[in-house]
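Only one structure is covered here, and it is reproduced in the block below.
Values below: all heavy atoms of this structure, side chains included; hydrogens, waters and symmetry mates excluded. Note on naming: letters A, B, ... go to the chains in the order of the sequence lines (proteins, then strands), and numbering restarts at 1 for each one.
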There are 2 protein chains.
Amino acid sequence: MGKSNFKSEPGIERQLALQDALDILRGKWKILILRSLYLYGTMRFKDLLEASKNITPKVLSNELQQLELNLLITRTVNNTKPITVSYELTNHAIETLPVIKALIEFGLKHRKKIKDN
Amino acid sequence: MGKSNFKSEPGIERQLALQDALDILRGKWKILILRSLYLYGTMRFKDLLEASKNITPKVLSNELQQLELNLLITRTVNNTKPITVSYELTNHAIETLPVIKALIEFGLKHRKKIKDN
DNA sequence: ATAGTTACTATCCTAAAGGTAACGGATAAC
DNA sequence: GTTATCCGTTACCTTTAGGATAGTAACTAT
């Protein structure tokens, strides 16, 4: 396979960074949830349930907990009459926006490619 | 949840594109394989086995088939003494480079954030 | 004839992800 | 006191991803 013909040096740090990113964003729902929060700002649990078509409360709850653990969203309990809970992105989560944009761009091009056979 | 405060309109096309992209690139290995091919150009099966630490031949074989199906890599059999097979990225696969770059950037920032507590 | 190389495939198994359906605690409205 | 809303949890099950181990086909070298 020889030496790199594309970049100076791979760099173990970049390799680890990539693996971490994949771990954190892995799964069917996390990126979709992040995108909803980008688009709509603050959302309640119920909003996210409706926005993420076909997700179940259990799964949504899990995903939100993981996103919170990884410092991508915050969870705040509002003292409203029927209790409500608000989720929003942290500043840190802004760093995932380029990932989402790139995925959408790739997806658009891929769909076009498929359509044109 | 109100109206968007961030972008004009979500757009069902972008939603579908995102879901397609996530489907195509899903899993523990695909993006790592694509990155190896970016870095090294043409690679044989054995090269990819060594570059993707801890992957098994069965899993690698599966991943490669899926990537080929989705038009991201090509597979060519070389008529060498012990048969060898070369994999490389298609032109179309270039479109995934921004995704990988964005993931790495996010991963680097995330690692820094974690280290700084 | 035996052993090695390359690129897999086959079989079996475990673990993680994801889904279904029902329930619970808090509060309030009717 | 029954019903409703909101945000979950619990128990259970199915599906998918991933891994371990061994084997195979084609060829080469010794």
Side-chain angles (χ1 to χ4, degrees), chain A residues 1-2 18-37 40-70 72-88, chain B residues 1-2 18-37 40-70 72-88:
Chain A
M1 83 197 191
L18 180 53
Q19 279 165 347
D20 282 6
L22 290 172
D23 276 357
I24 290 168
L25 301 176
R26 162 175 278 179
K28 188 174 173 181
W29 298 109
K30 290 196 191 67
I31 289 191
L32 298 173
I33 291 170
L34 291 177
R35 178 166 135 95
S36 291
L37 290 172
Y40 296 107
T42 300
M43 293 178 87
R44 287 175 306 133
F45 190 82
K46 202 200 167 201
D47 297 328
L48 285 164
L49 260 185
E50 285 160 8
S52 314
K53 218 171 165 284
N54 294 333
I55 204 173
T56 60
K58 177 198 127 180
V59 174
L60 177 57
S61 180
N62 284 345
E63 301 286 289
L64 291 171
Q65 282 174 27
Q66 290 176 51
L67 288 171
E68 199 190 356
L69 257 175
N70 286 313
L72 294 180
I73 62 172
T74 57
R75 177 182 184 275
T76 29
V77 179
N78 314 307
N79 60 348
T80 47
K81 337 301 181 91
I83 193 176
T84 56
V85 179
S86 300
Y87 294 91
E88 33 187 339
Chain B
M1 85 196 190
L18 180 53
Q19 278 166 348
D20 283 7
L22 290 172
D23 276 356
I24 291 168
L25 301 176
R26 165 176 274 180
K28 187 173 172 182
W29 299 107
K30 290 197 191 65
I31 290 192
L32 297 173
I33 291 170
L34 291 177
R35 178 165 135 94
S36 290
L37 289 172
Y40 296 107
T42 300
M43 292 177 87
R44 287 175 307 132
F45 191 82
K46 202 197 167 206
D47 296 329
L48 285 164
L49 260 186
E50 284 160 9
S52 315
K53 221 174 164 280
N54 293 332
I55 205 174
T56 60
K58 177 197 127 181
V59 173
L60 178 57
S61 180
N62 285 345
E63 303 286 290
L64 290 172
Q65 283 173 26
Q66 291 176 49
L67 289 171
E68 199 189 357
L69 259 174
N70 287 312
L72 294 179
I73 62 172
T74 58
R75 176 181 185 277
T76 27
V77 180
N78 313 307
N79 62 348
T80 46
K81 338 304 181 79
I83 195 177
T84 56
V85 179
S86 300
Y87 295 91
E88 33 187 338

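Side-chain N/O atoms of Q65(B) include none lying less than 4.0 angstrom from OP1 or OP2 on dA7(C). The phosphate of dC8(C) has OP1 or OP2 within less than 4.0 Å of a side-chain N or O from R75(B).
When the C1' atom of dA7(C) is taken as reference, atom CG of L60(B) falls 10 Å away, rounded to whole Å. Atom-to-atom, CZ of F45(B) to C1' of dT9(C) comes out at 10 Å; the value is rounded to the nearest Å. Taking atom CG on L48(A) and atom C1' on dG8(D), their separation rounds to 13 Å, with Å as the unit. Across the protein-nucleic acid pair, N79(B) atom CG and dT6(C) atom P stand 16 Å apart, rounded to whole Å. Straight-line distance from the CG atom of D23(B) to the P atom of dA17(C): 17 Å, rounded to whole Å. Rounding to whole angstrom units, CZ of residue R44(B) and P of dC8(C) are separated by 11 Å. For I73(A) and dC7(D), the CD1 to C1' distance is 14 Å, given to the nearest whole Å. Distance CG (N62(B)) to P (dT9(C)): 8 Å, rounded to an integer number of Å.
Nearest nucleotide to the V85(B) side chain, out of dC8(C), dT9(D), dC7(D): dC8(C).
Residues S36(B) and M43(B) share a closest heavy-atom pair of O-SD, 3.7 Å. The minimum heavy-atom distance linking P57(A) with L49(A) is given by the pair N-CD2, 3.8 Å. Closest approach of L18(A) to R35(B), counting heavy atoms only: CD2-CD, 3.5 Å.
No side-chain heavy atom of R75(B) sits less than 4.5 Å from a side-chain heavy atom of Q65(B).
No hydrogens or angles considered: a donor-acceptor pair under 3.5 Å links the side chains of T42(B) and E88(B).
Within the structure, salt bridge (charged side-chain N to carboxylate O under 4.0 Å, His left out) contacts touching residues 54-65 of chain B (residues at least two apart or in different chains) are K30(B)-E63(B).
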Margin query: Please encode protein proximity along nucleotides 24-30 of chain C as a string of B, S and -, counting only heavy-atom distances under 4.0 Å.
Written below: ---SS--

Next item on the list: Decide yes or no on side chain to side chain contact (heavy atoms under 4.5 Å, CB included) for L60(B) and F45(B), but give the supporting numbers first.
Entry: CA-CA 8 Å; L60(B) 178 57; F45(B) 191 82; 3.8 Å; yes

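For the side-chain hydrogen bond (donor to acceptor under 3.5 Å, both in side chains) criterion with S86(B), the lone passing option out of T74(B), N78(B), T76(B) is N78(B).
Distance check, rounded to the nearest 0.5 Å: OH of Y87(B) to CG of D47(B) gives 11.5 Å.
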Pairs under 3.5 angstrom, nitrogen or oxygen only, protein versus nucleotides 17-20 of chain D, please.
residue : atom : partner : partner atom : Å
dG18(D) : OP1  : K28(B)  : N            : 2.8
dG19(D) : OP1  : K28(B)  : NZ           : 2.8
dG19(D) : OP2  : W29(B)  : NE1          : 3.3
dG19(D) : O6   : K58(B)  : NZ           : 2.1

